[in-house]
J.: 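Dropping a structure here in structure tokens format, bear with me for questions.
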Amino acid sequence: MNRWLDTPLTEALGCRYPIVQTAMGWVADANLVIATTEAGGFGFLAGATIAADELEGEIRKVIDTTGGSNFGLNFHMFQDNAAQCVDLAIQYRLRAVSYGRGPDKKTIARFKAAKVLCIPTVGALKHALKAVELGADLITIQGGEGGGHTGGVPSSILLPQVLAAVKVPVIAAGGYATGRGLASVLAAGGAGIAMGTRFLMTRESPTPAATLERYLKVSDPQQVRVTTAVDGMRHRMIENRFINHLEKSGPFGRLRIALGSAWQWKQQTGMSLGHMASVFIRALREDPSQLSQVMMAANQPVLLQRSMVDGAPDEGILPSGQVAAAIGELLSCREVIEGIASEAQQCLDALLARSQTHPSTHPASIGEPL
Ligand SMILES: Cc1cc2nc3c(=O)[nH]c(=O)nc-3n(C[C@H](O)[C@H](O)[C@H](O)COP(=O)(O)O)c2cc1C
């Protein structure tokens, strides 16, 4: 039945379909991961924005509801509680962890000993090669059209480059939302797809209605553009009042905005004035010209929180993939996953039928390089 959809991804991650729900700050909570898991996909909890004292509870909630630890945890080594994320992933024997800037070889060895699969996300070929050298079990490539922090190489270029260069299974992210997209990845030799924006735009997404409406309103991929104004890195988001204001502000204006969000972050997290001052002084010492960006990067959770939690889409940032422009309605996670799986299967069946009608034009079998 599922002959096209049994891939190294489903085998390694123990899910029914080769479809991954990626981590998204303030969005990929236990409920989203549960909905994904129950529909046959594989979900990642967004460990970077779940408060340290709630993380274990979120993990347990998914385990208790789904009856297993067939899901993953995303974290970044630079976050305060990175060590806690590593320990919890190992303690609960989660199926996988994902990360951008990755843990060192020693930490990866700990994951391997506990059979927690390491699935870094990369945006360039050289990062894929480095990730494999460090011990990645699978790799997610994220093309530049993807949401949040993103590279400059489109999926259509990055995926074949990485497939040709590495031996571990490769998952494609950045711009996927359809079964046609999944079929194209499987036909090229990929192990499956990973999606952020499509899962953000589901009925189980915790994102407030006012913010989701902004995502649904996007009709032109150009409205979802890259800015470096937030933290100096390429960040793809829906253009809004906040981002236009930030980009137009000079260094002093940006610093003022950064300090404003830092203050809010302090109020919410109970961060001490001393800690706030130490971030400020460290940034000042390291590179005074980058002060506003360092402060802004440190306070990104607040900028994200304004839109993704408080439902004020013009007062924070709206990370999104360009694919938002191709998504017209909120579906359930099950409808998304089953719809994509069934369309992919039809596409691949049609491809096979065509190759049988015209055997002389049949290329090498799926998954092998041409
Ligand atoms: C709202 C939002 C928040 C995100 N937050 C994170 C994050 O915390 N950690 C991470 O590794 N990636 C994050 N990403 C990137 C996604 O995990 C994923 O790689 C990307 O959305 C894939 O591209 P797509 O949006 O075209 O599907 C975020 C993306 C979005 C849209």
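In what follows, every heavy atom counts, from backbone to side chain, and hydrogens, waters and symmetry copies are set aside. First listed ligand is number 1; within each ligand, the first listed atom is number 1.
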J.: Determine yes or no for a side-chain-to-main-chain donor-acceptor pair under 3.5 angstrom, with Arg236 supplying the side chain and Val224 the backbone.
T.: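 Pair found, side chain donor or acceptor close to backbone of Val224.
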J.: What protein heavy atom sits nearest atom 21 (O) of ligand 1, and how far away is it?
T.: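 Nearest neighbour among protein heavy atoms for atom 21 (O) of ligand 1, to 0.1 Å: Gly196 CA, 3.5 Å.
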J.: Side-chain donor-acceptor contacts of residues 56-63 below 3.5 Å, not counting sequence neighbours, with atom names and distances?
T.:
from	atom 1	to	atom 2	distance (Å)
Glu56	OE2	Tyr92	OH	2.5
Glu58	OE1	Ala30	N	2.9
Arg60	NH1	Tyr92	OH	3.0
Lys61	NZ	Asn31	OD1	3.1

J.: Show me which atoms of ligand 1 lie under 4.0 Å from any heavy atom of Met195.
T.: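 Within the 4.0 Å cut-off of Met195, ligand 1 contributes 27 (O).
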J.: Looking only at protein heavy atoms, identify the closest one to atom 26 (O) of ligand 1 and say how far it is in Å.
T.: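 Answer, as residue, atom name and distance: Gly175 N, 2.8 Å.
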J.: Report the hydrophobic cluster partners of Tyr99, with the cluster defined as I, L, V, M, F, W, Y residues connected by side-chain heavy atoms closer than 4.5 angstrom, directly or transitively.
T.: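 Besides Tyr99, the cluster holds Phe75, Met77, Val86, Ile90, Val97, Ile108, Phe111, Val116, Leu134.
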J.: I'd like to know if Arg306 pairs up with Asp314 as an ion pair, taking the criterion as any Lys NZ or Arg NE/NH1/NH2 lying under 4.0 Å from an Asp or Glu carboxylate oxygen.
T.: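 No.
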J.: To the nearest 0.5 Å, what is the distance between CG (Leu73) and OG (Ser98)?
T.: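 Leu73 atom CG to Ser98 atom OG measures 7.5 Å (nearest 0.5 Å).
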J.: Which of the atoms in ligand 1, numbered in the order shown and given with their element, are less than 4.0 Å from a heavy-atom of His76?
T.: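 Here the atoms of ligand 1 in question are 9 (N), 11 (O).
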J.: Got the closest protein heavy atom to atom 18 (C) of ligand 1, with its distance?
T.: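 Sorting protein heavy atoms by distance from atom 18 (C) of ligand 1 puts Thr22 OG1, 3.3 Å first.
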J.: What is the nearest protein non-hydrogen atom to atom 9 (N) of ligand 1, stated with its residue, atom name and distance?
T.: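 That would be Asn74 OD1, 3.2 Å.
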J.: For atom 19 (O) of ligand 1, what's the nearest protein heavy atom and its distance?
T.: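 So the nearest neighbour among protein heavy atoms is Gln142 OE1, 2.6 Å.
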J.: Taking both backbone and side-chain atoms of Thr197, is any N or O found less than 3.5 Å from an N or O belonging to ligand 1?
T.: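 Thr197 vs ligand 1: N/O contact under 3.5 Å present.
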J.: Consider only side-chain N and O atoms of Thr227 and Glu247, and report whether a donor and an acceptor are under 3.5 Å apart.
T.: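 There is such a pair between these side chains.
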J.: Short N/O distance, under 3.5 Å, between Gly147 and ligand 1?
T.: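 Yes, since at least one N or O of Gly147 sits under 3.5 Å from an N or O of ligand 1.
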J.: Mind checking whether Gly174 has a heavy atom under 4.0 Å from ligand 1?
T.: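 Yes; Gly174 lies near enough to ligand 1 that a heavy-atom distance drops under 4.0 Å.
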J.: If you measure from the Lys or Arg side-chain nitrogens to the Asp or Glu carboxylate oxygens, is any gap between Arg95 and Asp137 under 4.0 Å?
T.: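 A salt bridge is absent here (no side-chain N lies under 4.0 Å from a carboxylate O).
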J.: Identify the closest protein heavy atom to atom 12 (N) of ligand 1: which residue and atom is it, and at what distance?
T.: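 Residue, atom and distance for the closest contact: Ala23 O, 3.5 Å.
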J.: Could you check whether Thr150 and Gln142, counting side-chain N and O atoms only, form a donor-acceptor pair closer than 3.5 Å?
T.: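 There is such a pair between these side chains.
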J.: Look at atom 30 (C) of ligand 1 and say which protein heavy atom is nearest, naming residue and atom and giving the distance to 0.1 Å.
T.: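 Closest protein heavy atom to atom 30 (C) of ligand 1: Met24 CG, 3.6 Å.
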J.: Would Arg110 and Asp87 count as a salt bridge (Lys or Arg N to Asp or Glu O under 4.0 Å) here? Give the steps.
T.: CA-CA 9 Å; Arg110 284 184 62 206; Asp87 290 345; 3.0 Å; yes
J.: Using a 4.0 Å cutoff against the non-hydrogen atoms of Leu200, which atoms of ligand 1 qualify?
T.: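 Once the distances to Leu200 are compared, the set is 1 (C).
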J.: Any idea which protein heavy atom is nearest atom 31 (C) of ligand 1, and the distance to it?
T.: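 The protein heavy atom lying closest is Pro319 O, 3.4 Å.
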